[in-house]
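Indexing begins at 1, ligand by ligand and atom by atom, following the structure's order.
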Amino acid sequence: MKMPSGSLGNGIPESMGQNRGNIKRCLEKYIENGRRVMKLNELMDEMEIVINDVTQRRRVMEGDLGKILCFTQEAVVIPPNVAFAVRGNPGIWQYVKVNSSNLSVEALSSTQYLKLKELLFDENWANDENALEVDFGALDFTLPWLSLSSSIGNGVSFVSSKLGGRLNDNPQSLVDYLLSVEHQGEKLMMNETLNTARKLEMSLILADVFLSELPMDTPFQAFELRFKEWGFEKGWGESAGRVKETMRILSEILQAPDPHNIDRFFARIPRIFNVVIFSVHGYFGQTDVLGLPDTGGQVVYILDQVKALEDELLHRINSQGLNFKPQILVVTRLIPDAKNTKCNQELEPIFGTKHSNILRIPFVTESGILRRWVSRFDIYPYLERFTKDATTKILDILEGKPDLIIGNYTDGNLVASLMANKLGITQATIAHALEKTKYEDSDIKWKEFDPKYHFSSQFTADLISMNSADFIIASTYQEIAGSKERVGQYESHMSFTLPGLYRVVSGINVFDPRFNIAAPGADDTIYFPFTAQDRRFTEFYFSIEELLFSQNENDEHIGYLVDKKKPIIFSMARLDVVKNLTGLTEWYAKNKRLRDLVNLVIVGGFFDPSKSKDREEISEIKKMHSLIEKYQLKGQFRWIAAQTDRTRNGELYRCIADTRGAFVQPAHYEAFGLTVIEAMSCGLVTFATNQGGPAEIIVDGVSGFHIDPSNGEESSDKIADFFEKSGTDLDYWNMFSTEGLQRINECYTWKIYANKVINMGSTYSYWRYLNKDQKLAKQRYIHSFYNLQYRNLVKNIPILNDIPQPPPPPP
Ligand code: UDP
Ligand code: LCN
């Protein structure tokens with residue numbers, strides 16, 4: 001049997017060898033149980049039932065079937081065959097089909113595997129030879145790919161190393177590129193005098209000799225005119241020393257390009273001044289918006305990101321010897337019914353910045369401006385018009401095109417793609433969360449999900465923007481390629497199927513050098529250690545004491561804590577199902593040991609379901625009330641409504657740390673998890689889900705703990721064990737607090753982030769320039785996909801109006 005290289009390599013025989021009896025019984029059991037798509041845990045559970053002898057089971061696991069099962073993600077059962085999707089390493093998949101009667105084994109292509117899966121959901125379509133196959137990879141054959149799983153997410157270094165070869169072959173491409181560098185019509189770096197690599201090299205030597213004669217701190221202006229005559233414009237540096245250094249780096253590149261110098265040089269090119277950041281849905285505001293539906297970490301991330309990017313740009317522009325003002329525009333939706341927020345204001349300066357603003361553009365329908373909030377799941381019909389209106393306004397405010405467009409989440413990324421494509425601008429995407437991995441089988445069962453979530457439009461939009469982007473910013477490795485056990489968010493878009501619609505043969509490749517990890521941080525003016533007593537926001541002490549411990553119930557809190565001396569375990573999130581705050585409450589409720597050791601405080605949502613318009617929030621509110629009743633939680637449990645004041649929240653984390661408590665993030669899945677970063681930055685010991693970003697942020701048992709959201713008993717016991725130990729040994733608690741802080745300082749700061757992102761903007765702008773023909777071909781394909789698929793899918797989503805809705809039925 002011929003196998004593609006991967007974890008199974010060529011080691012799979014034509015048919016199952018030893019233990020044939022047991023393997024056969026096992027496969028027959030898979031067929032008998034009637035489930036047609038089985039996940040690994042189900043496969044293993046069934047195996048344990050069939051082969052109850054541990055030694056025999058071990059033998060099977062050591063044999064041929066075991067080799068497959070070890071790495072299986074799921075299996076499709078179509079009697080008499082069982083087909084396994086095997087993932088040996090992040091991003092590396094193989095598919096095998098085993099016949100349960102004669103135990104023969106056959107390798108399948110991803111398409112063959114997907115077709116088997118489709119048979120279960122839409123037989124006619126699966127058998128349609130001309131069913132639509134989407135293959136973005138077919139257009140990428142000329143571009144280099146990473147080959148090691150361990151290098152995934154480090155695209156910019158890879159690109160720099162590839163640029164070396166390209167520059168060796170064609171130094172003129174760099175000259176042409178540098179000749180195109182300008183800002184608002186003003187030429188930078190070079191003019192047409194230096195239009196060949198030879199001329200540039202000679203002039204660099206001349207300039208070097210000239211600069212060597214000058215004191216290093218001579219300002220650029222002192223020799224600007226002479227440089228202009230030689231063909232050099234401003235932008236090389238603010239002083240003779242800096243200019244000399246930059247020119248030396250370029251001379252070395254022209255002589256023999258190496259990745260280190262290429263990185264250094266691109267970090268110095270004055271290429272990025274104006275940036276547009278799209279974050280369309282939500283309530284995007286600076287005050288009183290957090291905790292509102294759909295408005296969570298994305299807003300926090302972007303506001304902090306803007307501050308960090310502006311600082312970095314100002315610093316770079318200054319050292320380039322320029323005096324331009326960088327402008328960053330965060331473009332979002334204007335919501336006339338703004339619920340006492342500023343989301344109905346068109347232009348709003350961003351706090352803590354000098355030149356950055358929020359620009360809000362309304363959604364316009366045939367009936368005029370839409371006043372009400374629209375869930376992120378229903379937002380697609382408004383985006384095309386939004387892009388058009390936003391583009392006009394942006395060009396007007398910036399008095400020209402931006403240099404970089406960054407999208408956020410599906411809606412922002414789609415808008416960014418449309419605008420960047422139209423204007424020919426470098427584009428980056430950020431996902432925050434790709435919904436596909438949050439909801440099990442959301443692709444194959446898309447028809448079930450579509451009326452509520454419109455995933456067909458969302459996944460189509462995601463594919464479009466992933467493939468349009470010049471680079472993709474991810475917060476963690478797992479976001480791209482997952483972990484040994486779990487598939488990454490982007491990885492889940494490599495190959496999948498929406499039966500009846502299209503089959504994705506190649507949606508995105510995680511070995512694509514466009515992927516880069518730049519992890520966010522937490523604002524260190526708000527989230528700092530509880531031990532920094534002199535910095536603490538004492539003005540909030542009284543209100544926080546009331547929030548946590550007052551015995552009365554009101555609009556802001558219900559439940560109360562009888563024993564104030566106990567440590568508090570604390571959680572804060574939007575009240576979405578995936579955040580699992582109700583799960584944590586139930587684990588706590590059921591674990592007597594934990595209830596005796598600590599109190600539980602939860603922040604999230606409202607108490608009155610009729611106040612929410614969000615489907616998931618409404619069901620979670622009701623569930624939380626019923627848990628409080630069922631387990632008689634009052635006395636040990638406080639539920640606080642969503643909190644919108646970040647500064648006070650910072651102090652809240654610290655007050656929880658004062659009780660020697662812990663932050664618990666119990667989500668079924670968390671894309672990144674800013675609250676985890678915030679809690680750790682405050683020195684609060686943190687337990688967080690092992691599903692998603694937090695698994696990478698925390699080193700389990702060192703800088704905090706992982707918990708398994710699917711195993712509440714084990715998780716609550718792990719928390720109880722910790723408090724049992726820290727109750728008798730304070731050093732134990734201190735150790736995890738300190739290690740958590742250290743982890744943050746080393747890996748999760750906005751400064752590191754901004755430096756990386758601006759470097760990416762510069763390097764990928766050149767990469768895009770070098771590969772423009774390829775880019776154009778891909779854009780053509782994307783354009784067809786957008787028109788022929790996306791636009792039709794969006795037609796199925798109702799366009800809302802502002803006619804008042806009847807109140808929801810009583811709970
Ligand atoms: N947050 C808040 N009030 C709340 C709930 C959340 O201020 O009632 C903040 C929280 O401090 C964090 C962000 O919202 O900064 C949530 O980000 P995270 O990445 O944890 O989750 P997301 O909501 O983005 O899925
Ligand atoms: C959205 C999420 O769901 C979180 O996991 C992230 O931390 C947040 O965005 C910021 O990226």
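- Both the backbone and the side chain of Thr675 come within 4.0 Å of ligand 1, counting heavy atoms alone.
- When atom types are taken as modelled, the side chain of Trp639 and the backbone of Phe606 share no donor-acceptor pair closer than 3.5 angstrom.
- Applying the 6.0 Å contact sphere to CG of Asn554 captures more than 12 heavy atoms from other residues, nucleotides or ligands.
- Looking at Gly297 next to ligand 1, an N or O pair under 3.5 Å apart turns up.
- At the shortest separation from atom 1 (C) of ligand 2 among protein heavy atoms lies His432 CB, 3.6 Å.
- In this comparison of Gln665, Arg574, Glu678, Gln643, the heavy atom closest to atom 2 (C) of ligand 1 sits on Gln643.
- Using a 3.5 Å distance cut-off with no hydrogens or angles, the side chains of Ser483 and Gln478 do not pair a donor with an acceptor.
- In the vicinity of Gly297, heavy-atom distances shorter than 4.0 Å reach the ligand 2 atoms 8 (C), 10 (C).
- Under a cutoff of 6.0 Å and an axis angle of 45°, Arg333 and Phe363 form a cation-pi pair.
- For the pair Arg654 (side chain) and Phe528 (backbone), a donor-acceptor distance under 3.5 Å is present.
- In this structure, Lys436 satisfies the cation-pi test against Phe496, with its NZ or CZ atom closer than 6.0 Å to the six-membered ring centre and inside 45 degrees of the ring normal.
- Atoms of ligand 2 found under 4.0 Å from any heavy atom of Tyr301, numbered from 1 in the order shown, are 11 (O).
- The single protein non-hydrogen atom nearest to atom 5 (O) of ligand 2 is Glu670 OE2, 2.3 Å, given as residue, atom name and distance.
- No N or O atom of Ala433 sits closer than 3.5 Å to an N or O atom of ligand 2.
- If you look at Val603 next to ligand 1, the close heavy atoms, those under 4.0 Å, all belong to the side chain.
- The existence of a salt bridge linking Asp576 and Lys579 is excluded, since no basic side-chain nitrogen approaches an acidic carboxylate oxygen closer than 4.0 Å.
- Per-residue contacts place Ala671 under 4.0 angstrom from the following atoms of ligand 2 (heavy atoms of the residue considered): 5 (O).
- Of all the atoms in ligand 1, the ones that sit under 4.0 Å from a non-hydrogen atom of Gly673 are 19 (O).
- Checked against Glu435 for a side-chain hydrogen bond (donor to acceptor under 3.5 Å, both in side chains), the options Gln458, Arg376, Gln489 give a single hit: Arg376.
- Using 4.0 Å as the threshold, Gly604 has no heavy atom nearer than that to any atom of ligand 1.
- Distances from ligand 2 to the non-hydrogen atoms of Gly673 include at least one value under 4.0 Å.
- A salt bridge is absent between Glu616 and Arg574: the closest approach of a Lys/Arg side-chain nitrogen to an acidic carboxylate oxygen does not fall below 4.0 angstrom.
- Counting heavy atoms only, Lys579 comes closest to atom 22 (P) of ligand 1 of the residues Gln298, Lys579, Glu670.
- With a 4.0 Å heavy-atom cut-off, ligand 1 is reached by the side chain of Asn649 but not by its N, CA, C or O.
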